[in-house]
Amino acid sequence: MMSEQNGRGKDFLIGAVVGGVLGAVTALLFAPKSGKELRADLSDQAHKVSEKTQELAGTVGVKTKELADTVGVKTQEIAKQVTEQTGEWVQKAKEVVESVSDEVKAWKDARKEVAVAEEEMMPADAEVLGRSTIK
């Protein structure tokens with residue numbers, strides 16, 4: 001986007017200079033004047049075109065700097081937002097991992113308790129419950 005803006009400004013500046021020069025030369029050449037007057041007018045017009053070119057170049061420079069500053073500020077704002085959002089996502093992911101880890105641990109503990117209870121079961125208890133005797 002910025003290079004496109006610079007290209008447009010450059011094209012405009014070139015067009016303004018070329019148009020100014022062509023207009024001044026055409027006006028001077030078709031005006032009935034002596035050689036001395038024509039040279040003075042050409043010099044005057046060249047000076048005006050030079051001033052206008054410098055003015056336009058300055059304007060393009062200022063606008064380019066303003067655009068670069070704006071892009072820099074916006075880029076910093078976006079980077080800050082991305083950093084904050086990423087931090088929130090990382091925190092949520094940690095919370096989910098912790099929750100799943102706690103649930104898996106609770107499930108493993110429950111399975112261990114069942115296994116221990118089955119090992120402690122008396123053979124008569126196993127027959128009552130319809131299970132085979134544990135060896």
Side-chain angles (χ1 to χ4, degrees):
M1 182 176 138
M2 196 159 110
S3 63
E4 187 177 307
Q5 291 283 344
N6 287 342
R8 288 183 190 165
K10 182 179 175 184
D11 291 345
F12 176 76
L13 183 62
I14 290 171
V17 170
V18 170
V21 169
L22 289 177
V25 169
T26 302
L28 293 174
L29 292 177
F30 285 110
K33 295 182 180 182
S34 68
K36 189 174 187 178
E37 288 179 290
L38 182 60
R39 284 190 299 273
D41 284 349
L42 282 173
S43 176
D44 184 46
Q45 289 298 324
H47 182 69
K48 286 180 182 178
V49 167
S50 175
E51 286 177 353
K52 188 66 174 174
T53 301
Q54 289 176 357
E55 180 184 323
L56 288 173
T59 302
V60 168
V62 168
K63 293 292 183 184
T64 301
K65 183 177 181 335
E66 289 173 358
L67 181 62
D69 291 344
T70 301
V71 168
V73 168
K74 292 292 183 185
T75 301
Q76 288 175 351
E77 289 173 1
I78 290 171
K80 182 179 177 184
Q81 289 174 350
V82 166
T83 301
E84 289 172 358
Q85 188 65 45
T86 303
E88 290 174 13
W89 290 343
V90 167
Q91 184 59 36
K92 286 180 183 178
K94 286 180 180 178
E95 291 171 3
V96 168
V97 166
E98 186 177 331
S99 173
V100 168
S101 176
D102 290 345
E103 288 181 26
V104 167
K105 184 179 178 190
W107 178 76
K108 282 183 176 181
D109 290 345
R111 292 229 15 190
K112 282 181 186 177
E113 288 177 13
V114 168
V116 168
E118 285 181 350
E119 285 180 8
E120 292 175 352
M121 195 181 299
M122 300 289 286
D125 293 335
E127 287 177 26
V128 170
L129 294 175
R131 298 185 183 178
S132 63
T133 312
I134 300 174
K135 297 182 183 179

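Basis for what follows: all heavy atoms, side chains included, without hydrogens, waters or symmetry-related copies.
Annotation for Val71 and Thr75: closest pair O-OG1, 2.7 Å, computed over non-hydrogen atoms.
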- Task: For side chain to side chain contact (heavy atoms under 4.5 Å, CB included), just list the numbers for Lys108 and Val104, CA-CA rounded to whole Å, side-chain angles, deciding distance to a tenth of an Å, and then say yes or no.
- Result: CA-CA 6 Å; Lys108 282 183 176 181; Val104 167; 4.2 Å; yes

- Message: For a salt bridge (charged side-chain N to carboxylate O under 4.0 Å, His left out) check, start with the C-alpha distance between Glu95 and Lys92, then their side-chain angles and the critical distance, and finish with the verdict.
- Response: CA-CA 5 Å; Glu95 291 171 3; Lys92 286 180 183 178; over 6 Å; no

- Audit row: Phe12, Val60, side chain to side chain contact (heavy atoms under 4.5 Å, CB included) steps and yes/no: CA-CA 10 Å; Phe12 176 76; Val60 168; 5.6 Å; no

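The local environment of CD in Glu98 is sparse, with at most 12 non-hydrogen atoms from other residues, nucleotides or ligands closer than 6.0 Å.
Atom CG of Asp102 sits about 10.5 Å away from atom CG of Asp109, to the nearest 0.5 Å. Atom CG in Asp69 sits 11.0 Å away from atom OG1 in Thr64 (nearest 0.5 Å). With rounding to the nearest 0.5 angstrom, the OG atom of Ser99 is 4.5 Å from the CD atom of Glu103.
Put simply, Trp89 and Val97 are part of two different groups of oily side chains (I, L, V, M, F, W, Y) that touch within less than 4.5 Å, one to the next.
Checked for salt-bridge contact, Asp44 and Lys48 meet the test: a charged N lies under 4.0 Å from a carboxylate O. Of the charged side-chain nitrogens involved, at least one lies within less than 4.0 Å of a carboxylate oxygen, so that Lys52 and Glu55 count as a salt-bridged pair.
Listed for the Thr53 side chain is a donor-acceptor partner under 3.5 Å among the backbone atoms of Val49.
Counting only heavy atoms from C-beta outward, the side chains of Glu77 and Val73 approach each other to under 4.5 Å. Between Gln54 and Ser50, some side-chain heavy-atom pair lies under the 4.5 Å cut-off.
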